[in-house]
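Chain A is the first sequence line, chain B the second, and so forth, proteins listed ahead of strands; every chain is numbered from 1.
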Protein chains: 2
Amino acid sequence: MTSTENSFIDFISNGHDITNDVCKAIESKILIKKVKKKELLQRKGDTNLKAYYVKSGLLKSYTIDENGKEHIFMFAPEKWIISDINSLAIPGGSDLFVQAIENTEVEVISPEIFQLISDDKNNSHLKEVNKLHRRNAVLQKRIISLMSQTAIERYNDFIKTYPGIVQRVPQKMIASYLGITPQALSKSISQASAKR
Amino acid sequence: MTSTENSFIDFISNGHDITNDVCKAIESKILIKKVKKKELLQRKGDTNLKAYYVKSGLLKSYTIDENGKEHIFMFAPEKWIISDINSLAIPGGSDLFVQAIENTEVEVISPEIFQLISDDKNNSHLKEVNKLHRRNAVLQKRIISLMSQTAIERYNDFIKTYPGIVQRVPQKMIASYLGITPQALSKSISQASAKR
DNA sequence: CGATAATGTTATCATTTGTTAATGTTTTGG
DNA sequence: CCAAAACATTAACAAATGATAACATTATCG
């Protein structure tokens, strides 16, 4: 990855050997989309799942439980990919909503594009698998964190894990990400700073 | 998968087109290991990571937090694969311990075996990726569950997700999986049954 | 079998987090 | 700039969960 990476092709080219043919085939299928703040890219239950490479702006993926409460699954700032492609392998469509927090420009990546990459014999598939493993590891860490840490501890970890995001999203979203109410987070933060 | 699947080869052959050569190469590298109850297959921090296909018995993977409390990440009964192969992509070695709950027979799968599968051009790599996506989806569901459900709700889900396991593991392990103390689970269960 | 360890239950009290509501502040968009 | 919406904070009380301890039950293994 160069420091100027700003496209899905750059993103996956990192460490991959992608043939020029495949590269062009992919580029021809990638769609650029601009979404405004609060606009939805994907709804829970959607079956035509896509992935989104964020060129600029900020997205979130989240679920809404039976009580109508929102739970953010992840944030995706510039150069991140957000998707619920998982759900391709699962009946019932997407579990998640994807919505723009800021005005955002994304590259829309359809499942067929992943297919192209996988079909490219010159490409080292291990890299793709490796990325899935990394994602897996992130999820694993988060589960363990949810089971073993208190909300304020998770908050402090969050700040380290997503530097800069705290400044860009309302605190209630961070609470949602942490799995607690905005009130509880506000309380925790003020108590924690009072101790110092 | 046939209903008599009882090996890693059977497991990955499901839906894959594996050449006979690769198949034999894999088989020659798979090691069968018997572990007794409470025996450790892997320790936190281990760098020579393996995956384990469970032929019989029952394994758990777990972490131990700063307070010495155990948090179970997953259970693996017969025909499941347990691994922290994720951590291959992450510095610092494994996050998890893997230990036998019952006397267990496993096939030890080293990373090079995954390499063999990935290098087999006749094999549809998408299937491998698909499995990772499924695993991903499971983790995702669990995170959402941890954020949005109460302990007793997670317990009821657990019973559905892992039928039969409730009978095979001590309740305190289920508590650990759910992210609560054994006492809290005992309380929750008795309260829930009292309401009926 | 019998001693020991492991597990499950119950109880009490503390802590964390949730719920609801009120209020003040900030942001947004016309 | 102004009105409305979104957000943050605080408070009082409820509910869930944790910590600790005591005790009962069950499993293990020599």
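- Distance, A:M147 CE to D:dG18 C1': 16 Å, rounded to whole Å.
- Taking atom CG of B:N103 as the reference point, atom P of D:dT28 lies 11 Å away to the nearest angstrom.
- Defined by atom type and a distance below 3.5 Å, a donor-acceptor pair is missing between the side-chain atoms of A:D65 and B:S148.
- The CG atom of B:L178 sits 15 Å away from the C1' atom of D:dG18 (whole-angstrom rounding).
- Under the side-chain hydrogen bond (donor to acceptor under 3.5 Å, both in side chains) test applied with B:E102, the options B:K36, B:R168, B:K37, B:K38 reduce to a single match, B:R168.
- Here B:F11 and B:W80 keep their ring centres 6.0 angstrom or further from each other.
- Regarding B:Q191, its CD atom lies at a distance of 11 Å from the P atom of C:dA11, rounded to whole Å.
- Nucleotides of DNA chain D nearest to B:A151 and B:K37 differ in position, and the one nearer the 5' end is that of B:A151.
- For the pair B:Q167 CD and C:dT7 C1', the computed distance is 16 Å after rounding to whole Å.
- More than 12 heavy atoms of other residues, nucleotides or ligands lie within 6.0 Å of NZ in A:K44, so this atom counts as buried by the packing criterion.
- For B:T181, a side-chain nitrogen or oxygen approaches OP1 or OP2 of D:dG18 to under 4.0 Å.
- Rounded to an integer number of Å, the gap from A:E102 CD to C:dT28 C1' is 15 Å.
- A cation-pi contact, defined as under 6.0 Å to the ring centre and within 45° of the axis, is absent between A:K55 and A:F8.
- The phosphate of D:dT17 has OP1 or OP2 within less than 4.0 Å of a side-chain N or O from B:T150.
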Would you list the protein and nucleotides 6-13 of chain D atom pairs, both N or O, that sit under 3.5 Å from each other?
unit_1	atom_1	unit_2	atom_2	d
D:dC7	OP2	A:K172	NZ	2.9
D:dA8	OP1	A:Q171	N	2.7
D:dA8	OP2	A:Q171	N	3.4
D:dA8	OP2	A:K172	N	3.1
D:dT9	OP2	A:Q171	NE2	2.9
D:dT9	OP2	A:S186	OG	3.4

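- Within a 6.0 Å sphere centred on CZ of B:R135, heavy atoms belonging to other residues, nucleotides or ligands number 12 at most.
- Considering only side-chain atoms of B:K69, the nucleotide from C:dT16, C:dT19, D:dA19 that sits closest is D:dA19.
- The distance from atom CG of A:L185 to atom C1' of C:dT16 is 13 Å, rounded to the nearest whole Å.
- A centroid separation of less than 6.0 Å is found between the aromatic rings of B:F97 and B:Y62.
- If you measure from atom CD1 of B:I174 to atom C1' of C:dT7, you get 13 Å, rounded to the nearest angstrom.
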